[in-house]
Each structure stands twice: as structure tokens, then as C-alpha cells.
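One structure is given below, encoded as C-alpha cells.
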Number of protein chains: 2
Amino acid sequence: MANAFEVLAEPRRRQILDLLRGGELPVGELVHRVGLTQPAVSKHLRVLREAGLVEVRQDAQRRLYRLRPGPLAEIDSWLAPYRLLWEQGFDSLAQHLSTMPDEQTGAEQ
Amino acid sequence: MANAFEVLAEPRRRQILDLLRGGELPVGELVHRVGLTQPAVSKHLRVLREAGLVEVRQDAQRRLYRLRPGPLAEIDSWLAPYRLLWEQGFDSLAQHLSTMPDEQTGAEQ
DNA sequence: ACTTTATATTTCTAATTGGTTATATAGCTA
DNA sequence: TAGCTATATAACCAATTAGAAATATAAAGT
């Protein structure tokens, strides 16, 4: 339903993913670390789950959430052509230089 | 006001940036290509401008918009630690293998 | 069975947002 | 100056959303 871009627009969801980079965590622990109410965290987890960014595993009453970085590749690949630009120091001013004869390829800033 | 993540959550704004990768364009041209009304496009352009993702230049009555990829670096750097994960074929199942002795480093899928 | 623990879901609300229509602004042209 | 062109802004609306509080579910412990 939601793609990775929309999901990551929410800072708390990025925070949750960051926390899960360290390994799987139960909901309660996430609640404690992000400082939201439990329902709020569960809601974010559902969004993350539906986007395929996390996975759950049950352990008694607890649910252990685990990171699934796969869908982030979509963002990465959208970003790819832009990465070239800023890596070359390409930004605003530099852009119209590309249409010039070509003497020095030196980056401006 | 808005960071790059929030700005990119909107597909039309990503589309506008994609169009500007080909060089600067006047608003009218963007309106034509994205198929929204002019005010809608101007609104998106304002958001992009305020996020530092585009820049305007005036040419008579027209405003030429130009890409400024710089702020996308924020996203790229947030993404960096995750990129390692999926590039290694790391996803869900593979994650708990990291805590194992270490024999074969072969990717699963 | 009852209680506690852990989590999900429901309901509600306030705020935000993408879009439209209408209007303003400003440069150009006749 | 009047009118046209290009764009921005304002006013408004419907839909979405993050969060809180309340409730449901379910597994464990007693």
C-alpha cells in the first residue's frame, strides 16, 4: 500500500529502523527507546511491516521485530543518477558549465 | 521547514526532479509534462525550493527551475549503513547467521 | 480460572496536505 | 494604457495521518 519513500517520511519510522539495525527487538523495547506510547509504535510497525521493511517473529507474548533492508533498494536506485551529480560538485552554478566547450573539468566547490 | 525525506514522499515531486535532471525548465513546461494544474505545480515547486532541491532563475515572465541535488546527500547518508546490508544479500533470514561461527559467507538468495 | 504481561486494534481528534478555483502580480506587446 | 502571458498566492475542501485513550487478544504464570 505504501512505498518506501512515504514510509521513510516519518522520522519515528526511520528511528525504528535505525534501532533495528542493531538486531531484532521486542515492541516494548522500541516503545521505551522511541518514547511514544505502545499503540503509536505498533502502528508504525504495522506500516513498516506492510512495506516489507520489517519482519516479526513471535516469542511467547512478545513480538520480535527484525529489519528487512530490501525495499530500501528502491530509494537507492532512484537516488543513483543524482548521486553522480552532487559527487561531481555539481550543483546549480556548475550545471550550465556542462554545456560549455570543455577545458577544465575542475569542480567549483 | 520540510526535510528531503518528506519532500520526496510525494511522487509528483520526484517526477519534477527527474524532469529537471535534463536541465532547467520553465514552470509551463513542467505543468505540461506532469499533467497537473499550474497552481499545483507551483505549490510543489515552492516546497522543493524551500527544501533547497531546486533553484529559480527569472527569464522575462518565465521562471526557469533548476535542480540542486545537494540536499539529497542527507538521504544518501542515512541510507549508507543499510546499503551494506542488502548488498551482502542480508535480509531477514541472513541476519541471525551473522551471530554464528562463520564458515561459509555465501549469500542465501 | 484468574491475573499479569505484551501487543494489536479501534475510535477519536487535531493537524497536515494535495488538489482545485479564483485572484493577484508582473513582464511583455500592440 | 490595455491586453496578453507566465507564474505565484489565497481560499477552500476532501482525504490522510500521527498520536492518545480505550479496548481486545492472547500467552504465561499463579
Side-chain angles (χ1 to χ4, degrees), chain A residues 1-20 22-68 71 78 92, chain B residues 1-20 23-68 71 75 78 92:
Chain A
M1 215 184 172
N3 70 9
F5 284 101
E6 295 165 30
V7 172
L8 294 189
E10 238 298 313
R12 306 308 186 107
R13 287 196 286 260
R14 293 198 300 276
Q15 188 186 356
I16 289 174
L17 293 181
D18 286 339
L19 289 170
L20 293 179
E24 64 182 9
L25 290 173
V27 177
E29 186 60 30
L30 290 169
V31 167
H32 178 245
R33 300 211 201 167
V34 307
L36 284 179
T37 61
Q38 176 265 310
V41 171
S42 279
K43 239 173 159 186
H44 284 307
L45 286 171
R46 192 217 252 261
V47 173
L48 289 165
R49 219 187 316 137
E50 286 175 348
L53 282 161
V54 300
E55 205 177 39
V56 214
R57 177 170 76 87
Q58 188 156 1
D59 168 46
Q61 311 106 313
R62 300 189 310 168
R63 307 294 177 98
L64 299 178
Y65 280 82
R66 176 189 302 181
L67 183 65
R68 292 201 53 181
W78 181 85
S92 56
Chain B
M1 216 183 171
N3 69 10
F5 284 99
E6 294 164 32
V7 171
L8 294 188
E10 239 297 312
R12 305 307 187 109
R13 286 196 287 259
R14 293 198 298 276
Q15 187 186 357
I16 289 174
L17 293 181
D18 286 339
L19 289 169
L20 293 179
E24 62 182 10
L25 290 173
V27 177
E29 187 59 31
L30 290 169
V31 167
H32 178 246
R33 301 210 199 168
V34 309
L36 284 180
T37 61
Q38 174 264 311
V41 171
S42 280
K43 240 173 157 185
H44 284 307
L45 286 172
R46 192 220 253 260
V47 174
L48 288 166
R49 219 185 318 136
E50 287 175 348
L53 282 161
V54 299
E55 205 178 40
V56 214
R57 177 169 76 88
Q58 187 155 1
D59 169 46
Q61 312 104 313
R62 300 188 309 167
R63 308 294 178 98
L64 300 178
Y65 279 82
R66 176 189 301 182
L67 182 65
R68 293 200 52 179
I75 293 180
W78 181 85
S92 57

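All figures in this text were calculated on a predicted structure; none of them were measured in a lab.
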[options]: which one has an atom nearest the side-chain heavy atoms of [X]?
| X | options | value |
| --- | --- | --- |
| A:Thr37 | D:dA20, C:dT21, D:dA11 | D:dA20 |
| A:Arg62 | D:dG19, C:dA6, C:dA8 | C:dA6 |
| B:Arg63 | C:dC28, C:dG18, D:dA8 | D:dA8 |
| B:Ala60 | C:dG19, C:dT11, C:dG27 | C:dG27 |
| B:Gln58 | C:dG19, D:dA27, C:dG27 | C:dG27 |
| B:His44 | C:dG19, D:dA20, D:dA8 | C:dG19 |
| B:Ser42 | D:dA8, D:dA27, C:dA8 | D:dA8 |
| A:Gln61 | C:dT5, D:dT7, C:dG19 | C:dT5 |
| B:Pro39 | C:dT21, D:dA27, C:dG19 | C:dT21 |

Interatomic distance where [atom1] belongs to [X] and [atom2] belongs to [N] [whole Å]:
| X | N | atom1 | atom2 | answer |
| --- | --- | --- | --- | --- |
| A:His32 | C:dA6 | NE2 | P | 13 Å |
| A:Leu48 | D:dA18 | CG | P | 11 Å |
| B:Glu6 | D:dT17 | CD | P | 14 Å |
| A:Arg46 | D:dA24 | CZ | P | 18 Å |
| A:Glu10 | C:dT17 | CD | C1' | 14 Å |
| A:Phe5 | C:dT17 | CZ | C1' | 19 Å |
| A:Leu36 | D:dA21 | CG | P | 12 Å |
| A:Ile16 | D:dG19 | CD1 | C1' | 13 Å |

- Should B:Tyr65 be listed as having a side-chain N or O under 4.0 Å from OP1 or OP2 of D:dA8?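 Yes, B:Tyr65 has a side-chain N/O under 4.0 Å of OP1/OP2 on D:dA8.
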- Query: Between B:Gln15 and B:Arg33, which heavy-atom pair has the shortest distance, and what is it?
  - Reply: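 Heavy atoms only, the tightest pair is NE2-O, 3.7 Å.
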- Considering all heavy atoms, the nearest A:Leu25-A:Leu19 contact: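 That would be CD1-O, 4.0 Å.
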- Message: Judged by each residue's nearest nucleotide on DNA chain D, which is more toward the 5′ side, A:Lys43 or A:Asp59?
- Response: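 It is A:Lys43, whose closest nucleotide lies nearer the 5' terminus.
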- Item | Sidechain N-carboxylate O distance under 4.0 Å for A:Arg14, A:Glu10 |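 Looking at A:Arg14 and A:Glu10, the cut-off is not met.
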- Is any side-chain N of the basic residue among A:Arg57 and A:Glu24 closer than 4.0 Å to the acidic one's carboxylate O?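 Yes, this pair counts.
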- Message: Please determine whether any donor N or O and acceptor N or O are separated by less than 3.5 Å between the side chain of A:Gln38 and the base of C:dA8.
- Response: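 When only heavy-atom distances are counted, A:Gln38 does reach the base of C:dA8 through a donor-acceptor pair under 3.5 Å.
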- Item | B:Arg12-B:His44 side chain donor-acceptor pair, cut-off 3.5 Å |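 No, no side-chain donor-acceptor contact under 3.5 Å.
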